[in-house]
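Since the structure comes first, as structure tokens, the remarks are kept for the end.
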Protein chains: 2
Amino acid sequence: MDRLLQGVQIRINEKLYLKDPESSGLGKKIIEFSIQLINEIGFESFTFKKLGLQIGSNESSIYRYFENKHKLLLYLTSWYWGWMEYQLVFATNSISNPKEKLLKSILIITREIKEDSSFSHINEVLLNKIVINEYSKSYTTKEVDTENKEGFYSIYKRLVGRLGEMISLVDADYQYPTSLASTILENGLHQHFLKEHFPSLTDCNNQVTPTQFLTHLVFNTLNQKIDE
Amino acid sequence: MDRLLQGVQIRINEKLYLKDPESSGLGKKIIEFSIQLINEIGFESFTFKKLGLQIGSNESSIYRYFENKHKLLLYLTSWYWGWMEYQLVFATNSISNPKEKLLKSILIITREIKEDSSFSHINEVLLNKIVINEYSKSYTTKEVDTENKEGFYSIYKRLVGRLGEMISLVDADYQYPTSLASTILENGLHQHFLKEHFPSLTDCNNQVTPTQFLTHLVFNTLNQKIDE
DNA sequence: ATAATATGATAGCAATACTATTATATTTGC
DNA sequence: GCAAATATAATAGTATTGCTATCATATTAT
């Protein structure tokens, strides 16, 4: 994974930024340290002023890259889903058996990110935590419908689409492939969240992973055995 | 349902308010109109000042009932889950067949609330929409662990517990009853959200309900046929 | 009628979420 | 290597938010 990604750039909707953060040192610092700071203090308390302080830069300079922190969150999460999509396609491309392919996809999507692939200034371990804790805030706003039209969620939607297709390839008669796909994505995050903050609301723990739960759920729903 | 509920009060954690909103006319107005206003403008834009304006009351008076809008949201959503629990217990109490009981429970939990039971100042149709759109904000905060210890989520947790037990009664060997229960609760809301804002991410629509999707999911997962 | 309590009005304060302006670096193009 | 262009920094300012405090005026209870 590592080496290969160095040549790949994840394409983010251009309307999410005023100036491409990948185009300068300051831009990259904004991305790198916003991930750290959001993790530390949470998205609500996070401000451009505090970020400026952290990176020894000025609030006004950050505003030249992003209109506001909401757009920054959309940028970060889009990057995450783009990265996820890349991993998914890369790892499953060569698999022809539909069941095996779906199995692998569920693993990639629902596993915990434990090591930074360190191909860039983006720490995927921390970004994964941000997505677990804050992703829902990016779409539970009054502006969601206009922002959806602007294409701010298109990478995520594409990912759900890919997963839905894989489900249909395993069972063409299954009636809810898209709902099941979105459930895997969303519940994958949610079980990780519960494991951390509400252990009494999940069976996942250090022994049992969200991947196991969801793999069992999906394959039983599709009336398939997991044969290897 | 209607008549009976008039004699029942939903018990909310006392730490969520400074003064019980059920204890006065102003308190009830706060609840009634906060539900309306949050629905109209969204939780982010909602402020006590705006609410005061709506009910012809003063910002400072509202602060005598609730410390802040976050506590108010916790109050409203706790009420919702308490109401849901009441409906669940009431409707399934007399059912002895475990499968039938679970089937009914899934229906109650995942159905759309279409009519106001109008036994009080609380509009359940609007409150259901708030829960769909804003519930995740009540727990995706940096304070979630302390607030959890204070018992602010206890009603929701009890509800997941009840559902998990019902699942185990259908299939005692199933390994993930609690995760499945929390998935039903959470994904029930999420599919409704997707139906409204991201129709391409769900198979649910005017013909297909989240209830159908989740019923199929749960019973297949438990390797059960839905026999009636 | 008086005392207690609830509500309303007003003021004020620190932080947020910006925008605007001007000054100073840094980069680039010739 | 220098001027011009561009990027960043510093400072100031504004409306709004999220409160707290104080005092005045209703309302209710005894």
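Worth knowing before you read on, the calculation uses all heavy atoms, side chains too, and leaves out hydrogens, waters and symmetry mates. Convention: sequence-line order gives letters A, B, ...; per-chain numbering from 1.
- A sub-4.0 Å separation between OP1 or OP2 of dC19(D) and a side-chain N or O of K49(B) is absent.
- Between the C1' atom of dA25(C) and the CZ atom of R64(A) lies a distance of 13 Å, rounded to the nearest Å.
- Going from atom CD1 of I55(A) over to atom C1' of dT8(D) covers 11 Å, rounded to whole Å.
- Nucleic acid contact class of E67(B) (heavy atoms, under 4.0 Å, all strands): sugar-phosphate only.
- Less than 4.0 Å separates DNA chain C from no heavy atom of any residue of residues 12-42 of chain A.
- Rounded to whole angstrom, the span from the CD atom of E44(B) across to the P atom of dA17(C) amounts to 11 Å.
- S78(B) contributes no side-chain N or O that, together with a main-chain N or O of I12(B), makes up a donor-acceptor pair within less than 3.5 Å.
- Within residues 134-142 of chain B, no residue is approached by DNA chain C to less than 4.0 Å at the level of any non-hydrogen atom.
- Two rings, from Y135(A) and Y80(A), have their centers 6.0 Å or more apart.
- At a cut-off of 3.5 Å, with distance as the only test, no side-chain donor of Y176(B) or T183(B) sits close to an acceptor on the other residue.
- For Y63(A), whose side chain is taken as the heavy atoms from C-beta onward, the closest listed nucleotide among dT21(C), dA9(C), dC18(C) is dC18(C).
- A donor-acceptor contact closer than 3.5 angstrom links the side chains of N187(A) and Q191(A).
- Counting only distance, with no hydrogens or angles, the side chain of Y153(A) and the backbone of S138(A) share a donor-acceptor pair below 3.5 Å.
- Look at CG on N68(A): it is 15 Å from P on dT17(D), rounded to the nearest Å.
- Here the nucleotide nearest the side chain of N58(B), chosen from dT16(C), dA9(C), dA20(C), is dA9(C).
- Atom-to-atom, CD1 of I62(B) to P of dT20(D) comes out at 14 Å; the value is rounded to the nearest Å.
- For T47(A), no side-chain nitrogen or oxygen approaches OP1 or OP2 of dA17(C) to under 4.0 Å.
- L73(A) has its CG atom 13 Å from the P atom of dA17(C), to the nearest Å.
- Mapping E59(B) and Y65(B) onto DNA chain C via the closest heavy atom, the residue that lands nearer the 5' end is Y65(B).
- At least one donor-acceptor pair closer than 3.5 Å links the side chain of K69(B) to the backbone N or O of F43(B).
- Atom CZ of F48(A) and atom C1' of dA15(C) are 16 Å apart (whole Å).
- Residues E44(B) and T141(A) bring no donor and acceptor atom of their side chains to less than 3.5 Å of each other.
- Nucleic acid contact class of S60(B) (heavy atoms, under 4.0 Å, all strands): base.
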* Apply ring-ring contact (aromatic ring centres under 6.0 Å, His included) to Y139(A) and F193(B), showing your working. => CA-CA 10 Å; Y139(A) 56 79; F193(B) 180 85; 5.4 Å; yes

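- A side chain to side chain contact (heavy atoms under 4.5 Å, CB included) with V208(A) holds for exactly one of N206(A), N205(A), T211(A); it is N205(A).
- Nucleic acid contact for S61(A): base, since at least one base atom lies under 4.0 Å from a heavy atom of the residue.
- Side chain of Q212(A) to main chain of T209(A): a donor-acceptor pair is present (N/O by atom type, distance under 3.5 Å, no hydrogens or angles).
- Within the structure, every side-chain polar atom (N or O) of K69(A) is placed at least 4.0 Å from both OP1 and OP2 of dC18(C).
- L51(B) places its CG atom 15 Å from the C1' atom of dG8(C), with the value rounded to the nearest Å.
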